[in-house]
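Have a look at the structure below, then the notes.
Here the structure is a predicted model, which is why all the values come from computation and not from measurement. A, B, ... follow the sequence lines: proteins, then strands. Residue 1 opens every chain.
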There are 2 protein chains.
Amino acid sequence: MVNIEAVELDGIFYALADPTRRQILKMLGEQTRSITELAEPFRMTLAAVSKHIKVLERAKLVKRTKQGRVHQCELDAAPLAKAEECIRFYQDFWNERLDALALYLEREPNAGKKRK
Amino acid sequence: MVNIEAVELDGIFYALADPTRRQILKMLGEQTRSITELAEPFRMTLAAVSKHIKVLERAKLVKRTKQGRVHQCELDAAPLAKAEECIRFYQDFWNERLDALALYLEREPNAGKKRK
DNA sequence: CTAATTGTCAACCATTTGGTTTAATATGTA
DNA sequence: TACATATTAAACCAAATGGTTGACAATTAG
């Protein structure tokens with residue numbers, strides 16, 4: 001029994017865990033670009049960038065459309081909503097715990113102090 | 001010239017890209033737990049879970065305090081703010097682009113149609 | 001003191017990753 | 001046709017990843 005949602009998150013977070021891929025996303029935020037254009041700022045081969053883009057495609061963060069021999073890449077930020085939701089989940093739980101702790105300390109003024 | 005901020009993001013997203021580690025974070029959202037307690041739900045050795053926890057510590061998402069022989073782990077969701085901010089960045093740019101496109105299509109009603 | 005418990009460490013292993021190089025495919029241009 | 005351009009594919013490589021096992025250290029319990 002594998003969690004589909006989880007597998008998606010794996011791919012999205014994995015895609016985001018690399019600075020090259022994050023920069024590619026940034027570039028695509030401005031405008032659609034070809035593979036060669038995307039590769040231009042990096043000190044690595046086109047083939048390497050091509051692989052990075054495939055990772056982003058697997059995570060569904062990038063959509064590709066072929067126009068003749070050039071592949072135009074487009075950002076699709078929609079899947080990021082899942083990642084954000086996931087992160088929020090941890091933050092929310094964490095904040096609740098902190099609130100509960102603060103309340104506890106307020107009611108038991110000596111709770112945090114060391115015993116003699 | 002390495003970007004410090006970027007290195008942090010690498011670690012955070014990398015930590016989040018594994019379902020075991022995400023589940024550990026979830027467990028720690030509820031309450032502080034020991035390594036053994038954290039390992040209990042998983043079908044892997046304690047040593048493996050121990051490694052996962054170290055990854056979370058490197059990303060500063062988990063803080064450890066030793067009480068006798070048991071290591072209590074605590075969630076620190078604060079660094080997640082950076083990850084969220086990063087994600088929001090892509091989303092914002094993306095939304096702007098979509099808005100611009102919508103505006104363009106509104107002004108040029110024939111823009112999207114094929115030429116004869 | 002002797003067990004048992006909690007956890008890490010080091011060595012090992014198969015697989016994946018991020019990169020390279022070289023060749024191949026597909027499309028456009030002279 | 002021949003050549004250049006845009007991109008992928010395949011083979012390869014070193015390093016990192018996710019897991020195991022067995023030995024070790026530290027703490028607690030009997």
Side-chain angles (χ1 to χ4, degrees), chain A residues 2-3 6-28 31-59 61-75, chain B residues 2-3 6-28 31-75 115:
Chain A
V2 219
N3 190 342
V7 173
E8 282 179 52
L9 281 179
D10 286 0
I12 295 171
F13 283 129
Y14 167 59
L16 293 176
D18 181 282
T20 301
R21 290 192 292 262
R22 287 200 303 273
Q23 198 179 325
I24 290 175
L25 290 182
K26 232 170 239 190
M27 286 187 259
L28 291 178
Q31 54 177 304
T32 286
R33 278 178 224 261
S34 72
I35 310 282
T36 310
E37 284 166 357
L38 287 172
E40 194 271 323
F42 300 106
R43 289 175 47 216
M44 71 181 75
T45 52
L46 194 66
V49 173
S50 173
K51 281 188 189 178
H52 279 301
I53 292 169
K54 233 172 289 177
V55 170
L56 292 167
E57 280 186 289
R58 234 187 301 146
L61 294 170
V62 164
K63 217 183 77 188
R64 176 195 308 239
T65 54
K66 253 161 124 173
Q67 292 173 4
R69 64 186 159 178
V70 26
H71 299 207
Q72 286 294 332
C73 296
E74 193 182 339
L75 176 63
Chain B
V2 220
N3 190 341
V7 174
E8 282 179 53
L9 281 179
D10 286 1
I12 295 172
F13 283 128
Y14 167 58
L16 292 176
D18 181 281
T20 301
R21 290 192 290 262
R22 287 200 304 273
Q23 198 179 325
I24 290 176
L25 290 182
K26 232 169 241 191
M27 288 188 259
L28 291 178
Q31 53 176 305
T32 286
R33 279 178 222 260
S34 73
I35 310 281
T36 310
E37 283 166 357
L38 288 172
E40 196 270 324
F42 299 105
R43 289 175 47 215
M44 72 182 75
T45 52
L46 193 68
V49 172
S50 173
K51 280 188 189 178
H52 280 301
I53 292 170
K54 234 172 289 179
V55 170
L56 292 167
E57 280 186 287
R58 234 188 300 146
K60 307 218 198 280
L61 295 170
V62 164
K63 216 184 77 189
R64 176 195 308 237
T65 54
K66 252 161 125 174
Q67 293 171 5
R69 64 184 161 182
V70 27
H71 300 206
Q72 287 294 332
C73 295
E74 192 181 342
L75 176 64
R115 276 158 293 165

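- If you take CG of Asp18(B) and C1' of dT16(C), they are 13 Å apart, rounded to a whole angstrom.
- Going from atom CZ of Phe42(A) over to atom P of dG18(C) covers 13 Å, rounded to whole Å.
- The nearest whole Å value for the distance from the CE atom in Met44(B) to the C1' atom in dT20(D) is 12 Å.
- In this structure, the side chain of Arg21(A) engages the main chain of Tyr14(A) through a donor-acceptor pair within 3.5 Å.
- Interatomic distance, CE of Met44(A) versus NZ of Lys51(A), reported as 11.5 Å (0.5 Å rounding).
- Contact annotation: Ser50(B) reaches the phosphate of dT8(C) (side-chain N/O to OP1 or OP2, under 4.0 Å).
- Summarising the geometry, the separation between CZ on Arg33(A) and C1' on dA6(D) is reported as 17 Å, rounded to the nearest angstrom.
- Leu38(B) has its CG atom 13 Å from the P atom of dT6(C), to the nearest Å.
- Across the protein-nucleic acid pair, Glu37(B) atom CD and dT5(C) atom C1' stand 13 Å apart, rounded to whole Å.
- Under the Watson-Crick or G-U wobble criterion, with both distances below 3.5 Å, dT29(C) is paired with dA2(D).
- Nearer to the 5' terminus of DNA chain C, by closest-nucleotide assignment, is the contact made by Gln72(B) (compared with the other of Gln72(B) and Leu46(A)).
- Taking 4.0 angstrom as the limit, Thr45(B) places a side-chain polar atom (N or O) nearer than this to OP1 or OP2 of dT20(D).
- Atom pair His71(B):NE2 and dT8(C):C1' shows a separation of 8 Å (rounding to whole Å applied).
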Could you run down the sub-3.5 Å N/O contacts of the protein with nucleotides 11-17 of chain D?
residue : atom : partner  : partner atom : Å
dT17(D) : O3'  : Tyr14(B) : OH           : 3.4

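- The side chain of Ala48(B) approaches dG19(D) more closely than any other nucleotide in the set dG19(D), dT21(C), dG19(C).
- With values rounded to the nearest 0.5 angstrom, Leu16(A) atom CG is found 7.5 Å from Arg22(A) atom CZ.
- Residues Arg58(B) and Lys54(B) fail the side-chain proximity criterion, which asks for heavy atoms closer than 4.5 Å.
- Contacts of Arg64(B) classified as side-chain contact (heavy atoms from CB on, under 4.5 Å), with partners at least two apart in sequence or in another chain: Ile35(B), Ile53(B), Glu57(B), His71(B).
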For Glu74(B) and Leu28(B): C-alpha separation, side-chain torsions, deciding distance, then whether side chain to side chain contact (heavy atoms under 4.5 Å, CB included) applies. CA-CA 6 Å; Glu74(B) 192 181 342; Leu28(B) 291 178; over 6 Å; no
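- Taking only distance into account, the side chain of Arg69(B) meets the base of dT5(C) through a donor-acceptor pair shorter than 3.5 Å.
- For dT27(D), the paired nucleotide is dA4(C), the pair qualifying as Watson-Crick or G-U wobble because both relevant distances are below 3.5 Å.
- Within the 4.0 angstrom heavy-atom criterion, only backbone atoms of the sugar-phosphate kind lie near Ile35(B); the bases stay farther away.
- At dA9(D), one or more side-chain N or O atoms of Lys54(A) fall inside 4.0 Å of OP1 or OP2 (strictly under the cut-off).
- We find the CZ-OG distance between Arg69(A) and Ser34(A) to be 11.0 Å, quoted to the nearest 0.5 Å.
- Atom CZ of Arg22(A) is separated from atom C1' of dG18(C) by 15 Å (rounded to the nearest Å).
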